[in-house]
Amino acid sequence: MVKDEDSFLIGRFKKGEESAFDELVNRYMKRIYYLAYSLTSNHADALDLSQEAFIKVYRSIHRFKGRSSFYTWLYRITVNICLNHLKKEAKIKEVSFDERIEVAQVDWWSNPKKALENKELQEGLTKAIDSLPPRQKTVFTLRHLEGLSHKEIASILGCSIGNVKANLFQALQKLRERLKGYVED
Amino acid sequence: MISCRKVKRWMIDYLEGTLSKKKKVLFKKHLSKCSRCAQEVEALVKTQRLVRLKAREEMPEGFWAHYLPRLKRRLEEKPLPRLEWRPVPTLALTTATALVLLIVVAVSLLRIPGLDLESLPREVLVEEVRASNSELDYFIADSFEPEEIVQALIPQEILDSLINSNQESTL
């Protein structure tokens, strides 16, 4: 259904209807912005890079043949822009996994609302995810924060499903180390 | 019993509940016998549950109201490049740029003071040039024999003049 609506909007935009592009932006701006934010952890960068992705879509819509869904294509563009930015800015800093996030022992999952509001926990989670290598961080973000399937992630990153699972496993292992204070009894 | 290695390979499917019934039985059987894997699974289950508690910092509605107008302004500031004016295909342009870069790398290598070019075997020189830029390696590796690269790209008279100037500078 969503795919059909996207195809309809893309068709209109290809025929020169600017308002169809506006509708596509309104439809996806939040998801793309938050994806960029998850990858960069910076609001200014997320705004700039997510808009860069839409500019790329605007300029190269004629190349979109509809073989994959529009959002897969849009996600691929966004992920590539963000990864290039991170590489350029050298924003990803490998964090030693000896450096663990120490926290008070609280049974967070029995009270998710409290967990969502807990600043210390949220900062700890952000820091831990930020410390992942770019590829693992991207796969992890697409799976756990964006809720995409393994197949969709593989399509976005141009890799196999096995590769996605391997990256997810490595990411989880690193997060387990970083978040030992929360996870261990 | 399945190996610990296989348990790791199946871990993500187990954690996400996509492991087949048959594999799940084997997986759990292994956990009942291997305390190390059982501990790891337990810790990863907890980690996965914990990271799902990560809240998303919502942006205010006013922010979204300005998103599209701002994007439109950026689109106006950066007009669409006129692709039809390009006289050569992108690949040809890239190839030319790559070859020019190769020559620059080769020339800079040849200008290293004190480098005795006459005694340097051609294959070594070629390998040095190629090692200086892996992207160029990738680009031309299938197109040229190593000996052909310097020969084809740097005319002998230029090579000779560089050797002469190098010798003068070291005198």
Side-chain angles (χ1 to χ4, degrees), chain A residues 18 21-23 25-26 29-30 32-34 37-38 43 46-48 50-52 54-55 58-59 108-109 111-119 121-122 124-126 128-129 140-141 143-145 149-150 162 164-169 171-180 182-185, chain B residues 4-20 23 27 36-84 86 90:
Chain A
E18 287 277 324
F21 175 73
D22 297 356
E23 279 186 53
V25 174
N26 282 327
M29 64 184 176
K30 289 189 182 180
I32 293 305
Y33 175 86
Y34 287 126
Y37 179 68
S38 297
H43 284 295
L47 176 62
D48 186 44
S50 63
Q51 293 209 334
E52 202 61 52
F54 283 116
I55 290 171
Y58 185 92
R59 300 267 158 82
W108 292 113
W109 27 86
N111 195 341
K113 193 172 179 284
K114 203 173 163 187
L116 290 170
E117 289 165 358
N118 186 277
K119 208 178 162 195
L121 173 70
Q122 292 302 327
L125 291 174
T126 303
I129 295 169
F140 186 83
T141 299
R143 180 75 192 112
H144 290 288
L145 306 182
S149 70
H150 296 157
V164 170
K165 287 180 187 174
N167 272 292
L168 275 175
F169 179 59
L172 258 187
Q173 277 188 315
K174 283 180 182 157
L175 289 173
R176 174 204 167 182
E177 278 301 307
R178 292 281 286 142
L179 297 165
K180 223 161 191 165
Y182 294 97
V183 174
E184 282 188 350
D185 294 328
Chain B
C4 296
R5 206 172 156 184
K6 193 154 258 180
V7 163
K8 284 188 176 167
R9 207 182 305 153
W10 291 355
M11 188 75 81
I12 289 297
D13 281 323
Y14 176 77
L15 293 173
E16 300 196 354
T18 51
L19 202 61
S20 71
K23 284 181 177 174
F27 192 92
R36 225 171 92 179
C37 284
Q39 274 175 9
E40 185 168 4
V41 170
E42 196 191 345
L44 290 179
V45 167
K46 281 186 176 177
T47 306
Q48 191 172 260
R49 286 170 70 189
L50 186 70
V51 289
R52 283 182 180 157
L53 294 174
K54 188 176 182 316
R56 195 155 76 176
E57 194 187 326
E58 295 292 335
M59 299 303 282
E61 276 310 306
F63 174 82
W64 300 115
H66 290 104
Y67 191 92
L68 185 59
R70 192 185 169 126
L71 176 62
K72 290 282 191 181
R73 276 201 302 277
R74 283 184 68 177
L75 276 165
E76 281 165 20
E77 283 162 15
K78 283 173 147 185
L80 189 66
R82 304 293 293 270
L83 293 173
E84 65 275 16
R86 290 186 186 178
T90 312

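Note that the coordinates shown come from a computational prediction; the quantities given were computed from them, not determined experimentally. Letters A, B, ... are given to chains in the order of the sequence lines, protein chains preceding strands, and every chain is numbered from 1.
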>> With a 4.5 angstrom heavy-atom cut-off, is it the side chain or the backbone of B:R70 that approaches chain A, or both, or neither?
In response: both
> Would you call the rings of A:Y37 and A:Y33 parallel, tilted or perpendicular if under 30° counts as parallel and over 60° as perpendicular?
Replying inline: parallel
> How many angstroms lie between atom CH2 of B:W10 and atom CZ of B:R5, to the nearest 0.5 angstrom?
Replying inline: 13.5 Å
>> For a quick test of reading the model, state the closest non-hydrogen atom pair linking A:F140 to A:L168 and the distance between them.
In response: CA-CD2, 4.0 Å
>> Are B:L71 and A:F21 packed together at the side-chain level, in the sense that at least one heavy-atom pair is separated by less than 4.5 angstrom?
In response: yes
> Side chain, backbone, both or neither: which part of A:S38 has a non-hydrogen atom closer than 4.5 Å to chain B?
Replying inline: neither
> Contact part of B:K8 toward chain A, heavy-atom cut-off under 4.5 Å: side chain, backbone, both or neither?
Replying inline: both
> Do the side chain of A:Q173 and the main chain of B:E40 share a donor and acceptor less than 3.5 angstrom apart?
Replying inline: no
> Non-hydrogen atoms of chain A under 4.5 Å away: do they reach the side chain of B:E16, the backbone, both or neither?
Replying inline: side chain
> Under a 4.5 Å heavy-atom cutoff, which of B:K72, B:M11, B:Q39 has the most pairs with chain A?
Replying inline: B:K72
> Who wins among A:T126, A:L145, A:D48 for the most heavy-atom pairs under 4.5 Å with chain B?
Replying inline: A:D48
